[in-house]
Enquirer: 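Got a structure for you, questions after.
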Amino acid sequence: QVRLVESGGGLVQAGGSLRLSCSASGLTFAAYAMGWFRQAPGKEREFIASISGGGGSTYYADSVKGRFTISRDNVKNTVYLQMNSLKLEDTAVYYCASRGSPVIATTIAGFRSWGQGTQVTVSS
């Protein structure tokens with residue numbers, strides 16, 4: 001059974017940084033692409049970033065490109081999301097997700113398993 005556990009969320013001022021982590025178990029981690037999504041109150045869940053199983057390919061939503069960086073450690077079975085230059089509109093619950101394939105994807109339907117989420121709140 002796949003289990004994904006996010007951590008690292010919290011309250012940060014606009015312009016600040018946070019690093020989210022997602023620890024995975026129950027899967028051959030390096031065989032699966034991973035992704036980060038977020039959902040703000042009253043809005044649909046949206047794609048943020050994805051990374052291939054080997055870590056060589058990444059893809060970002062335009063809204064975070066140049067500010068967020070996705071990475072992974074296939075020894076520690078962990079995927080990270082480094083978030084810099086945070087804005088008020090980055091406030092949301094952030095979820096990590098795993099695919100059934102090493103190839104990156106950008107849609108909710110492309111991911112099989114999900115974590116419980118971690119809250120990120122950006123204040124002015």
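The shown structure was predicted, so the numbers you read here are calculated from the model rather than taken from an experiment. Counting from 1, the numbers follow the sequence of the chain as shown.
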Enquirer: So, the side chain of Arg72 versus the backbone of Ser52: is there a donor-acceptor pair under 3.5 Å, distance only?
Expert: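 Side chain of Arg72 to backbone of Ser52, a donor-acceptor pair under 3.5 Å: yes, one is there.
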Enquirer: Please find the pair of heavy atoms, one from Phe47 and one from Thr106, that lie closest to each other, and give the distance.
Expert: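 Nearest heavy atoms, Phe47 then Thr106: CB-O, 3.2 Å.
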Enquirer: Considering only heavy atoms from C-beta outward, does the side chain of Gln39 approach that of Tyr95 to under 4.5 Å?
Expert: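 Gln39 vs Tyr95: side chains touch.
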Enquirer: Is any side-chain heavy atom of Asn77 closer than 4.5 Å to a side-chain heavy atom of Ser25?
Expert: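 Side chain of Asn77 against side chain of Ser25, heavy atoms only: no contact under 4.5 Å found.
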Enquirer: For the residue pair Phe37 and Phe111, does the interplanar ring angle fall in the parallel (under 30°), tilted (30 to 60°) or perpendicular (over 60°) class?
Expert: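 The rings of Phe37 and Phe111 stand perpendicular, inter-plane angle above 60°.
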Enquirer: Restricting to non-hydrogen atoms, name the atom on Cys22 and the atom on Met34 that form the minimum distance, rounded to 0.1 Å.
Expert: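 Of all heavy-atom pairs spanning Cys22 and Met34, the closest is SG-CE, 4.4 Å.
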Enquirer: Got Thr118 and Ser7 here, is their nearest side-chain heavy-atom distance under 4.5 Å?
Expert: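 Answer no - side chains too far apart.
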Enquirer: Are Leu88 and Phe68 joined in one hydrophobic group, where the rule is that I, L, V, M, F, W and Y side chains link up if heavy atoms are under 4.5 Å apart?
Expert: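 Shared cluster, yes.
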Enquirer: Which ILVMFWY residues are connected to Val75, directly or by a chain of links, through side-chain heavy atoms under 4.5 Å apart?
Expert: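 Answer for Val75: none, a lone residue.
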Enquirer: Evaluate side chain to side chain donor-acceptor pair (under 3.5 Å) for Arg38 paired with Tyr94, printing each intermediate quantity in order.
Expert: CA-CA 4 Å; Arg38 68 186 180 189; Tyr94 283 71; 2.9 Å; yes
Enquirer: Please tabulate, for side-chain N and O atoms in residues 56-63, each donor-acceptor pair with protein atoms closer than 3.5 Å (sequence neighbours left out).
Expert:
unit_1	atom_1	unit_2	atom_2	d
Tyr60	OH	Ile70	N	2.9
Asp62	OD1	Lys65	NZ	3.1

Enquirer: Quick check: do Ile108 and Arg45 have side-chain heavy atoms less than 4.5 Å from each other?
Expert: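 When only atoms from C-beta onward are counted, Arg45 and Ile108 do touch, with a gap below 4.5 Å.
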Enquirer: Go through the steps to decide whether Val79 and Trp36 satisfy the test side-chain contact (heavy atoms from CB on, under 4.5 Å), and finish with yes or no.
Expert: CA-CA 9 Å; Val79 61; Trp36 285 96; 3.8 Å; yes
Enquirer: Name the residue from Thr121, Thr91, Asp90, Leu18 that meets the side chain to side chain contact (heavy atoms under 4.5 Å, CB included) definition with Val12.
Expert: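 So, applying the side chain to side chain contact (heavy atoms under 4.5 Å, CB included) to Val12 and each of Thr121, Thr91, Asp90, Leu18, only Leu18 qualifies.
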Enquirer: According to side chain to side chain contact (heavy atoms under 4.5 Å, CB included), who are the partners of Gln82, at least two apart in sequence or on a separate chain?
Expert: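 With sequence neighbours excluded, Gln82 shows a side chain to side chain contact (heavy atoms under 4.5 Å, CB included) to Ser17, Arg19, Thr69, Asn84, given in chain and number order.
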Enquirer: To check you understand the geometry: which heavy-atom pair defines the closest contact between Thr78 and Ser21, and what is its length?
Expert: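 Taking every non-hydrogen atom into account, CG2-CB, 4.2 Å.
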Enquirer: Taking it one step at a time, do Ser98 and Leu4 satisfy side-chain contact (heavy atoms from CB on, under 4.5 Å)?
Expert: CA-CA 8 Å; Ser98 65; Leu4 304 174; 4.1 Å; yes
Enquirer: What verdict does the side-chain contact (heavy atoms from CB on, under 4.5 Å) test give for Tyr80 and Asp73, after you've listed the backbone C-alpha separation in whole Å, the side-chain angles of each residue and the deciding distance to 0.1 Å?
Expert: CA-CA 8 Å; Tyr80 304 97; Asp73 185 331; 4.1 Å; yes
Enquirer: Is there a path of hydrophobic side-chain contacts, each under 4.5 Å between heavy atoms of I/L/V/M/F/W/Y residues, joining Trp114 to Leu81?
Expert: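 Leu81 does not cluster with Trp114.
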Enquirer: If you apply the rule side-chain contact (heavy atoms from CB on, under 4.5 Å), what do you find for Leu20 with Met83, and how did you get there?
Expert: CA-CA 8 Å; Leu20 305 183; Met83 306 186 294; 3.8 Å; yes
